[in-house]
Amino acid sequence: MISVQRLSKKVNGRPVLDNVSFEMESGRIHGIIGPNGVGKSTLLQLLSGVMKPSSGEIGLDGVSMSNYPRKALARRLAVLQQGGLPPAGFTVRQVVEMGRFPYQNWFGDEREDHSALIDLALDSMGLSELSSRPLDQLSGGERQRVALAKVMVQEPEVILLDEPTTYLDIGYQVQLLDTVRQWQRDRGLTVVAVLHDLNLASLYCDQIIVLHQGGIASMGTPSDVLNASLIREVYQTEASIVAHPLTGTPQILLQPRKQESLQEAVSLMKVT
Amino acid sequence: MLLLAVSIVGSLSIGSSIIPFADVWGILWHQLPWTDDAGSHWSAGEIAIVTQVRLSRVLLGVLVGACLGLAGAGFQGVLRNPLADPYTLGVSSGSSVGAAFLILFGYQALLGEWTIPVVAFATGTLTLLGVFFLARSRGVMQIETLILSGVIIQSFLGAFVSFMVSMSDDVINQILFWLMGSLAMKNWADVYVVLPCLVIGLPLLIAYGQALNLFVLGERHAAHLGIRVERTKLIVLIGSTLLTAAAVSVSGVIGFVGLVVPHLIRLMVGPDYRLLIPLSAIGGGIFVLWSDTIARIALAPKEIPLGVVTALLGAPFFAYLLYRRKKGQEGFL
C-alpha cells in the first residue's frame with residue numbers, strides 16, 4: 001500500500017502540491033488526472049522517490065520512502081516515464097537487460113541467470129524479432145514497448161506510468177494499456193498511472209484521483225468521479241457523459257464552447 | 001592487449017641511435033635482479049639509452065595515452081556530449097596556467113624535477129573545483145551548465161596563458177612546446193606521477209561502466225533503476241579529472257587522444273561502457289605510443305610536438321572508420 005501524508009512540494013518557490021494526503025490500495029490500477037500544470041508528474045516523481053518532498057511523508061508498505069536505499073527501492077518500484085527512451089546505440093536486448101541493474105553487484109554480475117526472464121519480456125512485448133536492432137533504428141512506439149519490457153524485467157511490485165500513451169496512436173495506446181493490465185492482473189501489481197486521456201483513465205483504472213489547484217478535487221471509482229460538474233470545475237469546459245456501450249464505464253464527449261456553431265451544425269445535418 | 005605488447009616492443013627498438021632488436025631485449029632481461037651479468041656485452045651507453053631514456057619514455061607514452069583515453073570515455077559518459085573530451089571542463093587550461101607561470105618566472109626547479117608536474121596537477125584540480133562551484137545549484141549539476149562553466153573558465157585561463165606567452169621573450173618556445181604536448185626529456189619521476197593515478201582511476205571507472213550505460217538513456221531512467229545520479233556524476237568526473245591532470249602535468253596538452261580514442265573504440269565495439277572503458281585505456285596507450293614514436297624519429301634529431309602528430313594521425317584514421325561505418329550501415333548518425 002502506498003500512503004501519502006500531508007505532502008507538499010514547492011518548485012522554484014511556487015507551491016505545486018499543497019498538503020495532499022491519500023492512500024492507494026495494493027493490487028489495483030490507480031489513475032491520476034487533472035489539467036495541465038497541476039502537478040501530476042510532480043506527484044509521480046515524488047512517489048518514485050527521485051524527487052524529495054518539501055514536507056510530508058510517502059510510505060510504501062508502512063516504510064517511509066526516504067528509508068529505502070536507491071537500489072532496494074528500484075527492486076520494488078519501476079517507472080515508465082513520459083516520452084520513452086531516447087534513440088541510443090544500444091540494442092533492444094541490451095536496453096531490456098539494463099532493467100536488471102538493481103539486482104546486479106558492482107561489476108554487473110547477477111547470481112542467477114536471468115536470460116529466460118529477458119526472453120519472456122521481449123516475447124510478450126512482441127520484440128523478439130527486433131532484439132538485436134539498435135534502439136536508434138526503432139520507431140517511437142517500438143521504443144515505448146522496449147521501455148515497458150525493461151520495466152517488466154525489473155520485476156517490481158509497483159509500477160508508475162507517466163503519461164505512457166503520449167505520442168502513441170490509438171492502436172498502440174490500447175495495446176500498451178491492455179498489456180499493463182494483463183500483467184498487473186497476473187502478478188497482483190500496483191499500478192499508478194498519470195493519464196491525460198480521461199476516457200482511457202475511465203476504461204482502465206480501478207480508482208481515480210483528480211488533482212486541482214494543488215490539492216485533490218475528487219477521488220474514487222471512475223463512475224464516482226467522472227461527472228459533468230467535476231469536468232466543468234476542473235477543466236472549465238462543458239462535457240456530456242455517456243456510458244460505454246460494452247463496459248458501462250463513463251465516457252466523456254467534448255462540446256465546443258459556442259452554442260451557435262453547434263446549432264448550425266445540427267441544422268446543416270438536417271438539410272443534407 | 002596483444003597489440004599493446006607488440007607496440008611496446010616495437011617502439012622500444014626504434015630510435016635515433018640504432019640498437020638491434022635482440023640487444024634491446026637482452027639489455028632489459030639483464031636488468032632483472034635475478035639474472036647474472038655474465039652474458040652482458042653491451043656498452044654502458046646502450047644500456048643507458050634503453051633503460052633510462054627509451055623504456056621510461058615508452059612507458060610514459062602508454063600511461064599518458066591510457067589516462068587520456070580513459071578520461072575521455074568518462075567525460076563523454078557523464079556529459080553525454082560527443083564533443084566532450086578530457087579538456088572540456090578546463091582542466092588543461094588550469095594546468096597550463098600553473099606550468100606557464102613556472103616557466104615564465106624560472107621557478108621550474110623549486111621542488112626539483114617534480115615541480116612542474118606537481119604544480120600543474122594542483123592548478124588543474126583547482127580549476128575543476130572552480131567549475132563545479134560555478135555549475136552547482138541546490139546540490140544538482142545540470143550538464144549544460146557544467147559544460148558552459150567549463151568553456152568559460154577555459155577561455156579565461158587560456159587568456160592568462162596567452163598573456164604569459166606574450167610577456168616572455170626568451171622562454172616563449174619552452175611554454176609553447178609545453179602547450180603542444182611532448183614526451184621529450186621525461187624520466188622515471190614522471191612515470192611515478194602518472195602511474196598511481198591510473199591505478200586508482202582505471203578500476204574506479206570500470207566499476208561505473210554499467211552506470212554510464214544507463215546514463216545513455218538519460219539521468220531520469222538511470223535514477224529510476226536505482227543509481228544515485230549526482231554522486232555517480234561527481235565520482236566519475238573527479239576520477240576522469242585526476243587522470244587528465246596527471247597526464248597533462250607530465251606531458252603538456254596532448255590534444256585529440258581523449259576525444260577520438262573513445263569514439264574509435266565505440267565505432268569498433270559498440271556503446272557498452274563496460275567494454276569501452278578498458279579498451280579506451282588500451283587504445284589510448286597504443287595511440288600515444290605510436291604517435292610519440294613517430295614524433296621522435298620522423299625528423300630526427302628534431303622532434304615534432306606530440307600534439308601535432310596525434311591530430312595528424314588520428315583525424316584521417318577516424319574519418320576512415322566513420323566512412324566505412326557509414327557505408328556498411330545506411331542511416332548511421
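Side chains are part of it too, since the values below use all heavy atoms of this structure and drop only hydrogens, waters and symmetry mates. These numbers come from a predicted model, not from an experiment. Residue numbers begin at 1 in each chain, while the letters A, B, ... track the order of the sequences.
At a heavy-atom separation below 4.5 angstrom, chain A is approached by B:Asn213, B:Leu214, B:Val216, B:Leu217, B:Arg220, B:His221, B:Ala223, B:His224, B:Leu225 within residues 212-225 of chain B.
In the displayed structure, A:Arg181 atom CZ is contacted under 6.0 Å by more than 12 heavy atoms of other residues, nucleotides or ligands.
For residues 39-52 of chain A, the side chain to side chain donor-acceptor pair (under 3.5 Å) pairs, not counting sequence neighbours, are A:Ser41-A:Asp162.
Using a 4.5 Å cut-off between heavy atoms, A:Val95 contacts chain B through its side chain alone, with no backbone atom that close. Heavy-atom distances place no part of A:Leu73 under 4.5 Å from chain B, backbone and side chain included.
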